[in-house]
Amino acid sequence: MNKHITTGLVTSILTLSLWNCKTADPEPSVYESGVYIANQGNFQQNNGSVSYVATGSNTVQTNIFKTANPSLDMAGGVQDLADVNGKMLILVDNDKVGQDKVEIVEDGTFKSRATLKTPDIENPRRAIYAAPNKAYVSCWDVSGDYSAGTFFKDPGYVAVVDVNSGTVTKKIAAVKAAEGMVLVGSEVFVGSVSYGGNNTMAIINVNTDEVVQKIDMGGAPEPIAVDANGKLWVLVGQTMICYNPGARTVEKRVPLNSTPTSVAISRDKRSFYFSTGSRTYRFAITDTSVPTTAVQNRSFSAIGIDPNTGMFYGTQNPVNYTQAGYVIRYQESGALIDSIRAEIYPARFFFR
Amino acid sequence: MKTHGGFLGAIGLSLLAGWSVGALAQTTTSVSDSAVSLSAVTVRAIAPERFLAGQKLQRIDSTTLLQFRFSTITDLLTYNTPLAFRSYGPGQLATVAFRGTSANHTAVLWNGININQPNLGQTDFSTVPVAGFDKLAVQYGSGASAIGSDAVGGSILLGSQADWQTRLGVTVGQQLASFRNKQTQLGLRYSSAPGAAWQVSGRTYLYRSQLNNDYPYREFRNYFVDQATTAQRGLVQDLYVQHRNGRQLSVNAWLTDNDLILSPQDTVARERTRTQSSRLLTTYAAGTMTMRLGWIRDLMDYAKSDFTNPSHTETDRFIGRVEREFRLWPGLSRVTVNLRTGGEWSHYRTRTDGYGGQLITENRQDVYALLRLQTERWLVSANIRQAFVTRFNPPLTPSLGAEYKLMQRAQTTLTAKASIGRSYRVPTLNERYWVELGDPNLKPESGVNLEGGLALTSALTPTLTLTTDLTAYRNRVDNWVLWNPATDYHVENLQLVVARGGELASTLTYTQAGWQAGVRLGYALTRTSQERAYDRYARDVLGKQLPYVPVHTGTLNAWVQRGRSRLSVQMQTSSRRYITADNTQYFRGVLLANLLAETQIRVAKAAFRLQGQVNNLFDALFISVRRNAMPGRSVAINVLFSLPANHP
């Protein structure tokens with residue numbers, strides 16, 4: 001009898017501890033190191049998705065949000081992805097008003113943690129890491145009538161997201177058609193979409209979540225990245241502007257001679273890649289003009305550079321968006337690696 | 001007077017034979033032909049009913065029409081045929097894929113006239129209520145030789161029908177349904193015989209529905225449920241005048257008004273599509289000749305946010321058709337040979353904002369000869385049609401079909417059927433005239449349809465009857481028109497689509513001592529794919545199933561009836577629907593079911609038909625084209641009052 005009790009006790013403790021272990025341990029990560037691809041889908045079909053390719057692999061894992069959360073549906077185009085302290089934000093744009101959202105998932109398992117919805121999130125465009133456990137999500141706000149010229153609400157806003165609690169803690173009025181954002185020190189530079197009719201860049205202090213300054217850039221500004229010298233590069237129309245974020249001065253302008261489809265910074269942060277209608281070029285941050293020879297004799301609608309390997313990712317899409325697009329990968333040297341089929345309209349990359 | 005009665009009887013008989021239940025349509029129609037050689041009804045029958053031997057024709061019985069009296073034709077066809085609909089939501093746009101073809105490949109005929117909206121070349125089935133017509137049949141496969149353009153995948157035949165018996169009949173119908181949806185119908189039927197030689201009959205029918213779709217939930221199984229309101233109004237006016245010598249004049253009018261508002265609460269994102277149609281048709285039949293004159297006006301107004309200044313489409317069509325039907329070699333006793341020759345002329349006038357707003361006119365003419373040969377065992381039809389359209393001519397369109405009774409016993413008839421025919425589709429007005437993108441010199445799409453099958457009717461026991469129909473087909477459509485995204489959506493003849501598949505339909509009915517029971521099963525296999533590579537991404541699409549066309553569909557209708565009470569189950573199931581051309585994404589297969597309980601209560605000479613209905617019985621998740629959930633389970637109560645009791 002005694003033995004029985006002891007065995008029972010031991011078993012219970014063992015079970016309990018195992019159970020405890022189980023709850024304490026996070027679920028095994030499926031997605032460790034690799035690239036997440038944001039697929040915009042076909043707008044009216046609301047069929048965007050996130051695909052994943054593990055480092056060293058050429059196998060595309062499709063619709064990983066659905067795989068991890070079979071009972072949920074994103075129902076929209078994926079605009080952007082960002083990882084903030086182990087939580088990934090997926091920006092989802094639906095073709096109907098009030099249906100946009102941000103899904104917050106565990107980055108390793110893609111299990112859903114929270115969903116941010118209207119009115120916190122309206123037309124989310126980009127997400128970035130702002131501070132520990134704090135993400136910024138730029139939003140156009142509720143869209144108006146495009147033909148009446150009132151499509152963009154003025155101003156758009158930046159939603160401050162606490163990724164742990166899965167809540168929007170503040171909406172910072174920023175610029176009209178708020179879109180691209182880059183963090184420089186403790187400030188986030190917020191630009192706007194090229195056709196938004198806004199020329200100013202808003203600077204937000206991430207400690208106070210307040211706009212500290214607005215700067216006229218002479219055209220719709222799209223902040224791209226901070227280079228090896230700590231300078232912020234901003235795309236304005238056909239020109240890359242090298243901007244001193246501390247002094248708030250323009251240091252130089254590099255004309256690209258054409259409106260790029262996409263711009264991305266290299267691994268060493270000493271050069272930029274950009275695609276035009278038919279070719280892809282690379283220029284160094286020390287250049288004052290762009291080289292005439294292309295690095296690739298083809299154009300990509302979106303470019304991503306793996307910051308760990310320097311690998312170049314470029315997308316090409318069938319124009320009808322009713323079939324999957326491709327990601328063409330090159331070594332940093334420019335040598336072709338492969339072409340992998342993603343999902344409908346791959347448009348952004350997030351490397352982890 | 002006696003001959004009069006006999007003549008009427010013959011009409012009654014042929015109508016009964018022609019429009020009774022049964023998939024063996026072509027075969028059953030023939031019974032009346034041998035009874036009365038070339039009756040007035042035969043002459044007046046529209047071509048596809050008589051001259052497409054060897055092809056499947058499915059007539060929808062009156063009980064089914066009555067059960068769906070408060071529905072649109074979409075629901076009726078979904079639960080009774082293998083037609084696949086691409087639906088955008090309740091009360092919203094619904095287009096059809098018939099045997100794996102596109103929405104432009106189904107001709108919708110109303111009393112023999114194609115009523116597809118000519119700018120779009122298709123019909124939005126959500127705007128066609130079952131209350132708008134008296135009879136409905138589905139013609140499978142291309143019927144171009146007898147119908148003309150659009151009849152590539154199949155045709156839907158809507159018709160009005162004179163009722164010479166009812167002196168005065170009143171119908172009042174009311175539906176109350178979930179989500180604050182309601183419908184009212186009001187009808188009159190009348191007939192009289194002024195003098196011994198004349199007969200007059202008519203029908204006036206008004207319907208109105210207001211679908212508020214006011215769902216108590218915003219999401220269903222984590223999918224958004226999109227609210228849209230639809231207000232539908234219509235007036236049907238039929239008038240028939242008949243002389244005892246067989247001459248008949250009929251006037252059919254159908255006015256419809258459909259007002260759809262998406263996201264009505266949102267003043268910025270809301271969208272309104274208003275579709276109004278006026279259809280008027282006059283038919284004069286005398287001896288062997290039938291003459292039809294028609295006018296159809298289609299108006300469409302679309303606006304977003306601000307509804308005051310919509311984009312406007314206005315298209316008029318004037319139609320004239322003359323047909324003569326001859327009996328050839330009437331001396332032959334064992335063979336009946338009929339030849340119908342005809343000509344049709346249509347004049348289109350359209351003012352469309354998207355074409356620049358100016359008046360655009362187009363003429364189309366058709367001439368055709370249809371031959372039908374019948375013996376005791378054989379039914380053969382051989383047809384030829386040539387259409388002429390402003391700026392180009394579609395191909396010569398012949399067809400040949402045959403049916404042969406393999407077995408003909410008292411209890412069992414087994415018929416083998418086969419047909420081959422060419423089909424074509426004249427490009428729509430949008431495809432030809434849309435500013436910059438359209439191409440007036442576009443080639444017509446052209447197809448070849450091949451099909452064969454077996455049909456069996458058997459009285460298994462005195463109380464048990466079985467009808468089964470098995471069909472296989474192959475339909476190849478070339479010069480398939482595409483708004484090519486690679487050339488900024490210019491219209492081009494790019495694709496080649498091959499659809500192949502088969503259909504099985506089987507009905508088993510049991511009748512005994514006041515009891516009736518039955519089960520009707522349908523299964524269809526549809527493989528349809530694009531077969532021509534026209535750009536570098538096409539390899540991912542070649543051979544893939546076309547989007548929104550399930551490979552497998554099934555329907556099941558079962559009922560038990562005792563006296564005037566009936567319990568029915570309607571079920572429809574389909575396999576996955578791919579939503580991308582490369583088949584990388586799909587919506588899962590689904591099973592939908594409705595439950596109907598109905599009874600008729602007689603009060604003096606009047607009857608109240610009470611119908612209780614549970615839609616989506618299993619609360620299944622069905623996803624619309626825009627990735628919204630269709631609503632879950634819902635209920636409806638229908639009351640149909642008629643005086644006298646027995647008129648439809």
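Predicted, not measured: the structure shown is a model, and the values here were computed from it. Proteins get letters first, then strands, A, B, ... in listed order; numbering begins at 1 in each.
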Open item on the list: side-chain contact (heavy atoms from CB on, under 4.5 Å) for A/Arg329 and A/Val53? Distances and angles first, verdict last.
Closed with: CA-CA 12 Å; A/Arg329 305 196 290 182; A/Val53 188; 3.8 Å; yes
Task: Any donor-acceptor pair under 3.5 Å from B/Asp353 side chain to B/His312 backbone - done: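 Present.
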Open item on the list: List the residues meeting side-chain contact (heavy atoms from CB on, under 4.5 Å) with A/Thr115, not counting sequence neighbours, and say none if there are none.
Closed with: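 Per chain and number, A/Thr115 pairs via side-chain contact (heavy atoms from CB on, under 4.5 Å) with A/Lys101, A/Glu103, A/Ser112, A/Lys117.
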So which part of [X] gets closer than 4.5 Å to some heavy atom of chain B, the side chain, the backbone, both or neither?
X: A/Tyr326; value: side chain
X: A/Ser143; value: backbone
X: A/Asn42; value: neither
X: A/Gln316; value: both
X: A/Gln44; value: both

TODO: Answer whether the closest heavy-atom distance between the side chains of B/Val551 and B/Thr526 falls below 4.5 Å.
DONE: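 Counting from C-beta outward, B/Val551 and B/Thr526 never come under 4.5 Å.
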Open item on the list: Here's a test for you: under ring-ring contact (aromatic ring centres under 6.0 Å, His included), which of B/Tyr548, B/Phe98, B/Phe125, B/Phe622 qualifies with B/Phe85?
Closed with: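 So the option named by the test is B/Phe125.
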Contact part of [X] toward chain A, heavy-atom cut-off under 4.5 Å: side chain, backbone, both or neither?
X: B/Asn484; answer: neither
X: B/Asn583; answer: neither
X: B/Arg626; answer: both
X: B/Glu219; answer: side chain

TODO: Name all residues meeting the ring pair (Phe, Tyr, Trp, His ring centres under 6.0 Å) criterion together with B/Tyr88; count only those two or more places apart in sequence or in a different chain, and write none if there are none.
DONE: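 Partners of B/Tyr88 by the ring pair (Phe, Tyr, Trp, His ring centres under 6.0 Å) criterion come out as none, since no residue qualifies.
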Task: Enclosure of B/Tyr586 OH (heavy-atom neighbours >12, cutoff 6.0 Å) - done: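 Not more than 12 within 6.0 Å, no.
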